[in-house]
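The structure appears right after this line, and notes come after that.
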Amino acid sequence: MSGGFRSRSESARHLKSDAKGTKQTPSNRGASHSDRKAQQQRRNRQRNDNNKRHQRQQGSSGGNKPNRKPAREHHRDLPRYVAWQALFRVDTENAFGNIILPSLMKEYGLSGRDAAFTTELGYGSLRAQGLVDAVIGECSSRPLEAIDPAVIAVLRLGTYQLLRMRVGNHAAVNTSVDLCQEVDKPKAKGFVNAVLHSVAQRTESEWIDHLTKNADPFERMALATAHPEWIVKVFRDSLGDYAISELSDALIADDARPRVHLVARPGEITAEELALVTGGEQTSYSPYGVVLEEGDPGAIPAVREGMAAVQDEGSQLIARAAAEAPLEGDETGQWLDLCAGPGGKTALMACLARIDGAHVDAVEPVPHRARLVEKTTTGLPVTVHTVDGRQSGLEAHYDRTLVDAPCTGLGALRRRPEARWRKSPDDVPELVTLQRELLAAGAELTRPGGIVVYSTCSPHLEETVKIVDWAEKNCPLQPLDTVDYMCGMQHCRAGENAVQMWPHRHGTDAMFVQIFRRSATPER
Ligand SMILES: C[S@@+](CC[C@H](N)C(=O)[O-])C[C@H]1O[C@@H](n2cnc3c(N)ncnc32)[C@H](O)[C@@H]1O
């Protein structure tokens, strides 16, 4: 274990060891990369308007409802049809791909190779949408915003198969033409056939070369890794000197399926035992973590019985640091989680609090998220308060406070396939204000000598090291060297004293964390 923690061993945390158109449009032809970006933004706006109109015309949110028959026999090519449904509903209903696709696969009874194909096609097409749309834009005789959303979804799937899957050109084009029939768009067959024939004229790398002839390296990287350019710049700025060698890996990691991390809840089961019963491996850093290569975590008895739960290893390290970083003065057993929903970190803190005879107040203003915290922490010493953390009305006496603030979530893009296309730099300033206010409130609620942990699931400098700089100047908080409390994690220092984790380096989400000591004398 790394230095800096109290002397109690991790094993003492374990109480129950026996626990159980082929043409380019005039507007696209020869357009520069930045022209194309402006066009893309216009398209996105118009597409949103079109989608709303389309939904209104359909009279419900379930646009192509007549086709949504769950019986297998209605569809000759069920895997592609299910992937189409997912793309269509993400586009027109703002559904989340990671929720809608598994639920559709279950509804239509897809399993084995079919399920694997649908997952690769559906998630891959959602992730690669920027690249796929740029290619379709070059090949279509109509601007993207003028194409029916049901047909766009067919084109995106077809283009993705041509560019990034081992599906032969002939099969990719023909199955897409057939899909038009299945989704009640038979008149689009000729158009889809023509566009996809044009797409098939180049490989992915030839398209990237073609589309980025006059682009700078960042624009090229954005297109090649299918990320919006602003996110590429956020990653570059956060990686700093390492961007030259690591930027591409960091972006590519957003396309990889994250391995499932489980937390062995202290006092219920050890990580060693959990690894044994699941066939997983203990994680590299968190003493409570187990990593699984595959399998459905919901089917694991230890998870069903509440002895273990799914939790990213980085989140485990943060909750552990909040419970373990050294206090000045006596522990009074009063801990606070100021942004608790849905409760993953609260639960780990509370397991450790139970062992120490401490109690956790958990604050979450969104009622359904507060209920999730209650559910996740049933039986643990936790009181949930459904209030705003900035005006919680709680008494200022806490030994330990976690501020796991709402953020852009740019550190967890691998978990939500379409997320990178939905987020916007315009979201950042409002979040930064909220993050500052919550951290200031957390500092006020903590007793002098206590610990305040600030964390985000984002590597954005505005949400991370700049918040720390601001807090040092404006709050009674003194940063501690957080690397010391990360269980030996290497190559994770950010700014002076903070930690930035990365999927491509550590296998965790890109979590940021700074541990502070509440100053004895407020400086304001
Ligand atoms: C990053 S999530 C916390 C994740 C949680 N710590 C976990 O590990 O499961 C941020 C949470 O802060 C909540 N939140 C938003 N505004 C808040 C506010 N003003 N005060 C307290 N919490 C807030 C959000 O609803 C969200 O549930």
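Position 1 is the first residue of the sequence; numbering continues from there. Counting starts at 1 for both ligands and their atoms, following the listed order.
A salt bridge between Arg447 and Asp399 is present, with a side-chain N of the basic residue lying under 4.0 Å from a carboxylate O of the acidic one. A salt bridge does not link Arg127 to Glu418: none of the charged nitrogens lies less than 4.0 Å from a carboxylate oxygen. A salt bridge links Arg156 with Asp133: the closest approach of a Lys/Arg side-chain nitrogen to an acidic carboxylate oxygen falls below 4.0 angstrom. We find that Asp312 and Arg415 are joined by a salt bridge, their nearest charged nitrogen and carboxylate oxygen being less than 4.0 Å apart. In this structure, Asp254 does not pair ionically with Arg414, as no charged nitrogen and carboxylate oxygen lie closer than 4.0 Å. Using a cut-off of 4.0 Å between Lys/Arg side-chain N and Asp/Glu carboxylate O, Glu93 and Arg89 are scored as salt-bridged.
Contact shell of ligand 1 (protein heavy atoms, cutoff 4.0 Å): Leu338, Cys339, Ala340, Gly341, Pro342, Gly343, Gly344, Lys345, Glu364, Pro365, Val366, Arg369, Asp388, Gly389, Arg390, Asp404, Ala405, Pro406, Leu434, Leu438.
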